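These numbers were taken from a predicted model, which means no experiment stands behind them.
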Amino acid sequence: MRRRSAHAALIALRGNGAEYPENTLPALRSALELGVANLYVEAQLSRDAEVFVLRDADPVAGGGPASGVPDLAAAEAARLDASEPTRFGDRFAGLCVPRLTDVAWLLQDWPEARLFVELRRASLARHGGERFVVATLSALRDCSDRCVIVSRDLLVIELARRRGAQAVGWIVPDFSTGSQIKCEAIRPDYLLFPEAQLRSGATLRHGVWQWVALDVADVDRLRALASAGADYVATAHVRAVARELGLSAPRDPPEQGA
């Protein structure tokens, strides 16, 4: 059993989603430039088995839900507007939903970066776990040693392992005895949970896995979660949290070939 850390590492949830459209390349690049080496994105699968980065209800296409992506061809999905005009006006006009291969390409410039990829339920329901997992691992093949396949479905986690995923994470539904038994049986590398799910004063039971708290809004909550046993905390408020934690100053990506 691992020893609990006094600190929690930072994960950029959907990139620097407070300042850029979520789950887009500018948001992810901004988080990396702010010194945050861990990224968390959500993925959907097109009907012709190409993986795109967005969640079930991202504000694409002028504010409409993205739940139809599993029924779109890749060429159609690639044209979806990801600029979030309701938040940013026309500042990011023309910005489209990225492919997961685009994100993998971005990581080539950041050799220390780690990527968590959540396989979203809409695509799992439409295409099944096998097809989605295989397509995701194929898209990440050049950086697979730095990627974590995440799902709410334990069967998908087991499938990802069988197909060669080097790290997997389960989003736990609760902290019940039943979930604890499943954790011990499956032994994922990471256990993830929405931060509001952990009641005040509770602590996290550690094992071979590491704990990731999602949707953390501020540094005070981050510190409380770290004290409770969280190894990582994921936030969209990357700049503000990184500044308060005293992370390194914003930096440029390494030069190609350096």
Side-chain angles (χ1 to χ4, degrees), residues 1-20 22-23 27-42 55 103 107 110-118 145-152 157 166-176 179-180 183-184 186-251:
M1 185 173 295
R2 295 180 308 100
R3 186 167 56 188
R4 181 176 300 166
S5 171
H7 305 283
L10 196 60
I11 298 175
L13 184 62
R14 309 178 192 109
N16 182 7
E19 298 180 3
Y20 293 86
E22 295 180 342
N23 280 323
L28 298 171
R29 185 179 295 109
S30 173
L32 291 167
E33 290 171 353
L34 287 168
V36 180
N38 302 296
L39 305 174
Y40 189 105
V41 300
E42 293 131 326
R55 50 184 170 153
V103 178
L107 260 60
W110 302 90
E112 297 179 359
R114 179 188 288 108
L115 180 67
F116 293 78
V117 182
E118 180 186 339
D145 59 326
R146 297 184 282 138
C147 296
V148 183
I149 305 302
V150 176
S151 178
R152 299 175 186 273
I157 295 304
Q166 297 194 31
V168 296
W170 180 38
I171 302 177
V172 295
D174 51 45
F175 298 112
S176 66
S179 292
Q180 180 178 315
C183 292
E184 295 288 355
I186 302 300
R187 298 166 69 86
D189 302 284
Y190 298 88
L191 292 174
L192 304 92
F193 65 97
E195 65 87 13
Q197 190 170 301
L198 187 69
R199 69 182 185 276
S200 179
T203 57
L204 296 164
R205 185 179 186 278
H206 277 244
V208 297
W209 51 79
Q210 293 182 291
W211 284 101
V212 179
L214 302 172
D215 297 309
V216 179
D218 56 56
V219 171
D220 288 341
R221 182 57 174 158
L222 181 154
R223 289 174 175 145
L225 288 161
S227 296
D231 300 282
Y232 294 85
V233 292
T235 181
H237 304 282
V238 175
R239 186 183 300 274
V241 173
R243 183 188 300 119
E244 290 198 48
L245 291 178
L247 293 185
S248 58
R251 54 194 172 89

Grab the two heavy atoms, one from V233 and one from A8, that are nearest each other, plus how far apart they are. CG1-CB, 4.2 Å

Per side chain to side chain contact (heavy atoms under 4.5 Å, CB included), L28 is matched among V36, N16, L39, L115 by L39

Which pair of non-hydrogen atoms, one from I157 and one from G169, has the smallest distance, and what is that distance? CD1-O, 2.9 Å

Distance-only donor-acceptor hits, side chain of residues 212-225, under 3.5 Å, sequence neighbours excluded:
unit_1: D218; atom_1: OD1; unit_2: D220; atom_2: N; d: 3.2
unit_1: D218; atom_1: OD1; unit_2: R221; atom_2: N; d: 2.8
unit_1: R221; atom_1: NE; unit_2: E195; atom_2: OE1; d: 2.5
unit_1: R221; atom_1: NH2; unit_2: E195; atom_2: O; d: 2.8
unit_1: R221; atom_1: NH2; unit_2: E195; atom_2: OE1; d: 3.1
unit_1: R221; atom_1: NH2; unit_2: L198; atom_2: O; d: 3.2

Do D231 side-chain atoms and W211 backbone N/O form a donor-acceptor pair below 3.5 Å? yes

From R199 atom CZ to F175 atom CZ, the distance as rounded to the nearest 0.5 Å: 9.0 Å

Please report the C-alpha distance between R205 and E184 in whole Å, then the side-chain angles of each, then the deciding distance to 0.1 Å, and finally whether the side-chain contact (heavy atoms from CB on, under 4.5 Å) criterion is met. CA-CA 11 Å; R205 185 179 186 278; E184 295 288 355; 2.4 Å; yes

Measure the CG-CG distance between L10 and L34 for me, rounded to the nearest 0.5 Å. 10.0 Å

Which residues pass the ring-ring contact (aromatic ring centres under 6.0 Å, His included) test with Y40, not counting sequence neighbours? none

Of all the heavy-atom pairs spanning D189 and A167, show the shortest one and how long it is. OD2-CA, 3.2 Å

Rounded to the nearest 0.5 Å, how far apart are CD of E33 and CZ of R239? 9.5 Å

W209 versus C183, closest heavy-atom pair with distance: CZ3-O, 3.6 Å

Checking the side chain of N23 only, and the main-chain atoms of R14 only, is there a donor and an acceptor separated by less than 3.5 Å? no

I'd like to know if the side chain of T235 reaches the main chain of V238, judged simply by a donor and an acceptor atom lying under 3.5 Å from each other, with no hydrogens or angles considered. no

Run the salt bridge (charged side-chain N to carboxylate O under 4.0 Å, His left out) test against E118 and tell me which residues pass, sequence neighbours left out. R120, R152

Take I186 and W170, measure what side-chain contact (heavy atoms from CB on, under 4.5 Å) needs, and give me the verdict at the end. CA-CA 9 Å; I186 302 300; W170 180 38; over 6 Å; no

Distance (rounded to the nearest 0.5 Å) between L204 CG and F193 CZ: 4.5 Å

Spatial distance of atom CD (E112) from atom CG (N38) [nearest 0.5 Å]: 10.5 Å

